Amino acid sequence: MPGPVGEVVWRAFLASVCFGALYWCSRVGVPRPLARRDWPIFFLLVLWSVTGCLNNGQSSTQLVGCLVGAVAACCTGRWWIAAVLVTIPTTLKLYPVAFGLLLAALYPRQFGWRFAMTLAAAFALPFIFRPHGMRVEHQRWWWHLTNDAKALPAITSWDQDVRILRYRAFGIVMSMRAFMILQAVIGVFIGAVCIAGRLAAWPRRGLIPRAYGMTAVWMTAFGMATEPSTYILVAPALAWSLWEVWLRRSRTAAVHGGQSPGGALSRVVLVVSYLLFLTAYAFLWFPWGHLTNSYGPGPLAGVLILGYFIARSWREIRGRVRIDLPKPSPSELNPV
């Protein structure tokens with residue numbers, strides 16, 4: 001296609017993938033039934049992150065669309081579709097494999113072997129068609145991965161992860177080895193929380209969105225090469241959580257014994273996190289934005305959200321609270 005036409009088509013495709021996945025989740029009631037009159041509010045809560053990625057045509061919008069679509073597919077028992085939707089972003093960015101591995105640990109018989117087959121096929125096909133070229137490219141990639149000794153850049157060029165928070169708070173630069181150990185510890189802890197929820201018989205519509213939210217924070221605030229726009233991965237989980245504890249406060253109060261999930265403190269934490277993400281995006285509009293973002297509003301918001309998920313999960317597991325999610329009724333999905 002000509003450049004101007006191709007750019008429009010590419011951005012339209014990215015927007016369709018992302019909002020199509022969000023529409024699917026809303027349609028099937030993930031994580032809770034969502035009335036049609038509430039759909040615009042939910043989409044607007046995610047819009048801040050989508051516009052930043054559509055502006056420069058980044059594939060992060062496609063990644064989040066596939067992963068959110070995988071959440072809806074798992075919740076409705078479409079395991080093959082879920083495996084394909086997790087495999088696609090894995091072949092593009094590699095780190096989404098974390099969500100696939102967590103789903104495989106939670107549902108090995110339904111998802112695990114399907115994901116292994118689709119992943120093997122996706123990575124084998126390039127080697128079948130271009131064996132020599134792919135072998136050389138992977139050798140070069142592995143060498144750069146194990147021999148990356150570039151000088152430490154200015155802090156305004158650092159990745160937007162928790163290392164920048166540590167440096168701003170204590171003036172200490174975290175080594176790559178320490179950072180990878182931290183990644184492993186947080187990843188194992190998130191997996192343990194999700195498995196505990198699985199053993200507590202949480203329904204899929206409650207467990208899988210929670211697992212996605214924690215994994216999205218791990219892939220960004222504790223991930224590699226994170227930019228402000230990468231936090232689009234967290235946006236759907238944050239929107240779900242805001243809707244649960246704030247927009248639907250009266251509905252959830254009846255389910256949780258008179259209190260919405262987490263109470264007032266949770267609402268404050270989530271609203272502050274949302275404002276921090278908005279601030280990080282707004283800073284990019286100004287020449288001094290990189291300097292302001294070097295104080296880590298995105299990673300701080302990610303840490304707050306992860307704390308909310310862990311605290312809420314711990315309270316529900318310790319109190320043996322069963323997450324009873326009503327099935328979406330016609331009156332809720334199609335209100336008069």
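Numbering of residues begins at 1 and proceeds along the displayed sequence. All of these numbers come straight from a predicted model, not from anything done at the bench.
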Q. Under 6.0 Å from the CH2 atom of W314, do we count more than 12 heavy atoms belonging to anything else shown?
A. no

Q: Might you point out which heavy atoms bring W24 and G69 nearest each other, and give the distance in Å?
A: CZ3-O, 3.5 Å

Q: Enter the distance from C53:SG to E227:CD here, rounded to the nearest 0.5 Å.
A: 9.0 Å

Q. Quick check, are the ring centers of F42 and W243 under 6.0 angstrom apart?
A. no

**Q.** Path from V162 to M180 over hydrophobic side-chain contacts below 4.5 Å
**A.** yes

Q: Would you mind reporting whether I232 and F277 have side-chain heavy atoms less than 4.5 Å apart?
A: no

Q: Decide yes or no for V173 and W158: does some side-chain heavy atom of the first lie under 4.5 Å from some side-chain heavy atom of the second?
A: yes

Q | Minimum heavy-atom distance between Y274 and L242, given as atom pair plus value | A | CD1-CD1, 3.6 Å

Q: Any chance you could measure I88, atom CD1, to L63, atom CG, to the nearest 0.5 Å?
A: 10.0 Å

Q. Do M224 and M219 belong to the same hydrophobic cluster, where Ile, Leu, Val, Met, Phe, Trp and Tyr are linked whenever their side-chain heavy atoms lie under 4.5 Å apart, directly or via other members?
A. yes

Q) Is there side-chain contact between F19 and V50, with heavy atoms separated by less than 4.5 Å? A) yes

Q. Is the number of heavy atoms from other residues, nucleotides or ligands within 6.0 Å of CZ (F127) greater than 12?
A. yes

(Q) Treating T226 as the side-chain partner and F222 as the backbone partner, does any N or O pair qualify as donor plus acceptor under 3.5 Å? (A) no

Q: State the NE2-CZ distance between H132 and R130, to the nearest 0.5 angstrom.
A: 9.5 Å

Q: Give the cluster check for I172 versus M176: same hydrophobic cluster or not, with ILVMFWY residues linked at side-chain heavy-atom distances below 4.5 Å.
A: no

Q) Is a side-chain donor or acceptor of R163 paired with a backbone partner of M174 at a separation under 3.5 angstrom? A) no

Q. Are the side chain of Y212 and the backbone N or O of L233 linked by a donor-acceptor pair below 3.5 Å?
A. yes

Q) Between the main-chain N or O of Q62 and the side-chain N or O of S59, is there a donor-acceptor pair closer than 3.5 Å? A) no

**Q.** Side chain to side chain, T279 and F283, heavy atoms closer than 4.5 Å
**A.** yes

Q.
On a heavy-atom basis, which atom in I317 and which in A196 lie closest, and how many Å separate them?
A. CD1-CB, 3.6 Å

**Q.** Atom of V46, atom of P236 and distance for their closest heavy-atom approach
**A.** CG2-CA, 4.4 Å

Q.
Is there a path of hydrophobic side-chain contacts, each under 4.5 Å between heavy atoms, that joins V303 and V188?
A. no

Q. Picking from S49, P297, S60, P299, what satisfies side-chain contact (heavy atoms from CB on, under 4.5 Å) with Y231?
A. P299

Q: List the steps, then state whether side-chain contact (heavy atoms from CB on, under 4.5 Å) holds for W202 with S313.
A: CA-CA 11 Å; W202 290 357; S313 300; 3.9 Å; yes

Q) Is there a side-chain contact between R27 and W39, using heavy atoms and a 4.5 Å cut-off? A) yes

(Q) With a 3.5 Å distance limit and no angle check, can you tell me whether Y281 reaches the backbone of P228 through a side-chain donor-acceptor pair? (A) yes

Q.
Does E244 form a salt bridge (Lys or Arg N to Asp or Glu O under 4.0 Å) with R267? I'd like the steps, not just the answer.
A. CA-CA 10 Å; E244 282 190 307; R267 292 193 287 274; over 6 Å; no

(Q) How close do M214 and C194 get, counting heavy atoms only, and between which atoms? (A) CE-SG, 3.5 Å

Q. So, do R312 and R210 sit near enough that their side-chain heavy atoms are less than 4.5 Å apart?
A. yes

(Q) Run F309 and V193 through side-chain contact (heavy atoms from CB on, under 4.5 Å) and show every step you take. (A) CA-CA 10 Å; F309 283 133; V193 171; over 6 Å; no

Q.
Closer than 3.5 angstrom, by distance alone: can the side chain of W10 be matched with the main-chain N or O of G57 as a donor-acceptor pair?
A. yes

Q.
What verdict does the side-chain contact (heavy atoms from CB on, under 4.5 Å) test give for V245 and Y308, after you've listed the backbone C-alpha separation in whole Å, the side-chain angles of each residue and the deciding distance to 0.1 Å?
A. CA-CA 11 Å; V245 305; Y308 161 76; 3.3 Å; yes

**Q.** Residue W285 excluded, over 12 heavy atoms near CH2 under 6.0 Å
**A.** no

Q: Assess whether atom CZ of F179 is packed by more than 12 heavy atoms of other residues, nucleotides or ligands within 6.0 Å.
A: yes

(Q) Treating W218 as the side-chain partner and Q183 as the backbone partner, does any N or O pair qualify as donor plus acceptor under 3.5 Å? (A) yes

Q: Measure from the ring center of F115 to the ring center of W79 and say whether it is less than 6.0 Å.
A: no

Q: Provide the closest heavy-atom pair for R204 versus T76 in the form atom of the first, atom of the second, distance.
A: NH2-C, 4.4 Å

Q.
If we ignore hydrogens and angles and just use 3.5 Å, is the side chain of R198 paired with the main-chain N or O of L106 as donor and acceptor?
A. yes

Q. So do Q160 and N293 actually touch side chain to side chain, heavy atoms under 4.5 Å?
A. yes

Q) What residues join V136 in its hydrophobic cluster, counting side-chain heavy atom gaps under 4.5 Å, either direct or through other members? A) none

Q: Can you sort out the partners of Q110 under side-chain hydrogen bond (donor to acceptor under 3.5 Å, both in side chains), two or more places apart, ordered by chain and number?
A: none

**Q.** Side-chain heavy atoms of Y107 within contact of C74, under 4.5 Å
**A.** no

